[in-house]
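Down below is the structure, laid out as structure tokens.
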Amino acid sequence: MSDTLEELIAARRSNLEALQAAGHDPLAVNRYPVNAHASDILATHAAFTAEDGLGEPVYQVAGRLLSLRYQGKTLFADLHDRTGRLQLYLRRDELGDEAFAACKLLDRGDFLGVTGRIFRSKLGELTLRVSAFTLLAKALQPLPDKWHGLVDVEKRYRRRYVDLAINAEVRDVFILRSRIVASMRRFLDDAAFFEVETPTLLQVAGGASARPFRTHANALDLQLDLRIATELNLKRCIVGGLERVYEIGRIFRNEGIDTRHNPEFTMLELYAAYWSVYEMMDFNEALFAHLAQLVHADRQIPYGERVISFRPPFARIGYFEAFERYGSVSREELLSPEGAAGLLARHGIAPSPTHAHALDKLFGEIVEPHLIEPTFVMDYPLVLSPLAKRKPNDPDVVERYELFAVGMELANAFSELNDPADQRQRFEAQIEERAQGDTEVPAPDWDFVRALEYGMPPTAGIGVGIDRLVMLLTNQASIRDVILFPLQRPVAE
RNA sequence: GCGCCUUUAGCUCAGUCGGUAGAGCAUCGGACUUUUAAUCCGUUGGUCCCGGGUUCGAGUCCCGGAGGGCGCACCA
């Protein structure tokens, strides 16, 4: 911390003390009777002209001062609340000498409550003519450059409060995220789904392959994992007869961090009894179209250099059909481990340890780059889908799809395996894999097998990475730009 | 984990060939009763990310380390 910053803070602190001495002590203020917000005021008076003089009613607005333009015996300022910006105009002859002297002790960043009426300034801007003001909080720390704002990405993440306070686009992204998730909940509730909450702390983190975070419960002297999926508990709810359930919850995976991965992220998981994956696909399409409409009425979503159309119907293509179309690769080649390995070599990709891994690599290389518009890729190979049901007439293929857009996987859904014997065998196979040293394979959850033995109806399930969906809908390149407080390494102060 | 880039005033950024630190904004003082990146005059402000090395001399060159960004690998 440099001397100069301390000087800046000291100057603001001395302004605060002078304001307190003049009867403007923000610490003595417990409430402010806000009766309007900036954008609403501007909208209400859009047709207001200079000839209209001073408008009605008397407004009381509160927010943060982000610009102060003193001009002798007057002051223009910008007050920002959660809806936007409102210009203020303060005059000495109106406020009186004492109050006007006090407002000269205001600093950029201070929170202010103001009383006043609207007028149109000489330059045509709707402006609040302030008759009284109340200091609600003092900003002791100086705010970043008013023109360039806070640009340093590291500081934006570490001090997100500053980022939010002065970068309107950033605040808009998080407001939009909130509206998207709220709209998603309404959509699901309207479709007769129950929102449920399942444990975050588990003895066995299952339902996916990922390294969990470990923690400990003192009261039970018990080692616990943070969940890596909500899948198994949600299916227990289906066994219990809730029929349609979802959870929008935080998931924790102790893995890498990059522009598309954060150690904690939010996932929607949703299960519907009596649906197959094909009903789920229609529902998925309707949900995403609905959310896109919230962002852009025409469902045309700009992302980077492109514009993505979320108008239904979305493109649908078979898994093998996609390989055939984009790489002239045959189903037979893909389904044989040797054929897949040969394809890897032809594309200059390092050999894969397993057939499934090879197929994943090949898909990323050959097909994914072509999936720009929202596209359902259907009918996955069984080897890629250990928890999905087979197609009745095609034992190598399962009832599963993934939804892609701009090369990102947005959703993964399948008809759920509900055969307890099959589930038990797959857990036993996982025990083998663990014994061979694959630490990402979860320990078996035998109670889940018991739950299936009580009977689970045919059910479709889907997982949607909320952060990535929000990235796409809000046109953000990094997952950290849709997570308020992304994990950062500590830095010495 | 690997590679590339990056770190200079509160903020945004310059800094040439290695010669001892600069601008704009902000701060502080002054002028200004319709400004809006207000303007004008003046003023203050530095652990050049950290630690070594080379050199008469390092923000600059070399080595090591830290934070951050991007890409690859892994994953959703």
Side-chain angles (χ1 to χ4, degrees), chain A residues 1-12 14-15 50 66-78 85-95 100 107-109 119-127 129 139-159 162 166-167 207-211 228-229 251-269 349-350 352-353 357 360-361 364 402-404 408-412 440 463-469 471 477-481 486 488-493:
Chain A
M1 185 113 349
S2 72
D3 288 344
T4 60
L5 175 57
E6 281 164 13
E7 283 167 21
L8 293 171
I9 291 172
R12 285 159 176 265
S14 95
N15 283 347
L66 286 187
S67 172
L68 294 159
R69 300 180 292 280
Y70 292 100
Q71 201 189 337
K73 301 179 180 65
T74 69
L75 165 62
F76 281 92
D78 293 337
R85 183 187 79 101
L86 179 67
Q87 179 166 263
L88 309 179
Y89 179 51
L90 298 86
R91 295 169 59 97
R92 186 168 84 166
D93 57 9
E94 183 160 4
L95 293 172
F100 194 74
D107 289 293
R108 190 167 118 84
F119 75 105
R120 201 166 283 276
S121 77
K122 189 180 274 183
L123 293 183
E125 179 166 351
L126 271 177
T127 303
R129 182 155 164 157
L140 296 175
Q141 292 272 357
L143 266 63
D145 190 290
K146 65 187 167 195
W147 184 241
H148 302 95
L150 185 62
V151 172
D152 180 345
V153 177
E154 179 178 357
K155 199 156 280 183
R156 284 186 42 226
Y157 296 152
R158 290 191 193 278
R159 302 190 191 178
V162 179
I166 67 169
N167 290 329
S209 277
R211 285 171 62 188
I228 57 174
I251 303 296
F252 306 87
R253 296 189 182 174
N254 211 338
E255 292 173 347
I257 301 176
D258 60 33
T259 49
R260 289 179 181 187
H261 299 83
N262 195 62
E264 51 180 307
F265 63 101
T266 304
M267 189 147 77
L268 163 70
E269 280 197 48
I349 307 171
S352 288
H357 188 265
D360 247 13
K361 292 278 130 196
E402 291 195 309
L403 175 62
F404 290 86
M408 255 195 303
E409 183 198 325
L410 291 180
N412 177 22
E440 295 207 349
V464 177
I466 300 291
D467 311 271
R468 288 185 180 176
L469 178 61
M471 279 171 69
S478 169
I479 197 168
R480 274 170 246 128
D481 291 320
Q488 299 272 288
R489 277 198 164 82
V491 71
E493 291 276 339

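Chain letters run A, B, ... following the sequence lines, proteins first, then strands; residues in each count from 1.
- Nucleic acid contact for A:Glu125: base, since at least one base atom lies under 4.0 Å from a heavy atom of the residue.
- Summarising the geometry, the separation between CG on A:Asp258 and C1' on B:rG1 is reported as 13 Å, rounded to the nearest angstrom.
- Within the nucleic acid shown, A:Arg489 comes within 4.0 Å of sugar-phosphate atoms alone, with no base atom in reach, counting heavy atoms only.
- A:Arg158 comes within 4.0 angstrom of the backbone, heavy atoms only, and of no base.
- Applying the side chain to side chain contact (heavy atoms under 4.5 Å, CB included) rule to A:Lys155 yields the partners A:Leu150, A:Asp152, A:Arg159; only residues at least two apart in sequence or on another chain are considered.
- With 3.5 Å as the limit, one finds no donor-acceptor pair spanning the side chains of A:Arg480 and A:Gln488.
- When heavy atoms are screened at a 4.0 angstrom cut-off, A:Asp93 is found touching base atoms of the nucleic acid.
- As judged by a 4.0 angstrom heavy-atom cut-off over every strand, A:Gln71 is placed among the base-contacting residues.
- Within the structure, the salt bridge (Lys or Arg N to Asp or Glu O under 4.0 Å) test picks out no pair touching residues 252-262 of chain A (sequence neighbours left out).
- Counting only heavy atoms from C-beta on, A:Arg91 has its side chain closest to B:rU34 among B:rC25, B:rG69, B:rU34.
- Between the CG atom of A:Leu68 and the P atom of B:rA38 there is a distance of 9 Å, given to the nearest Å.
- Closest approach to the A:Ser121 side chain among B:rU36, B:rC11, B:rU33 is made by B:rU36 (side chain taken as heavy atoms from C-beta onward).
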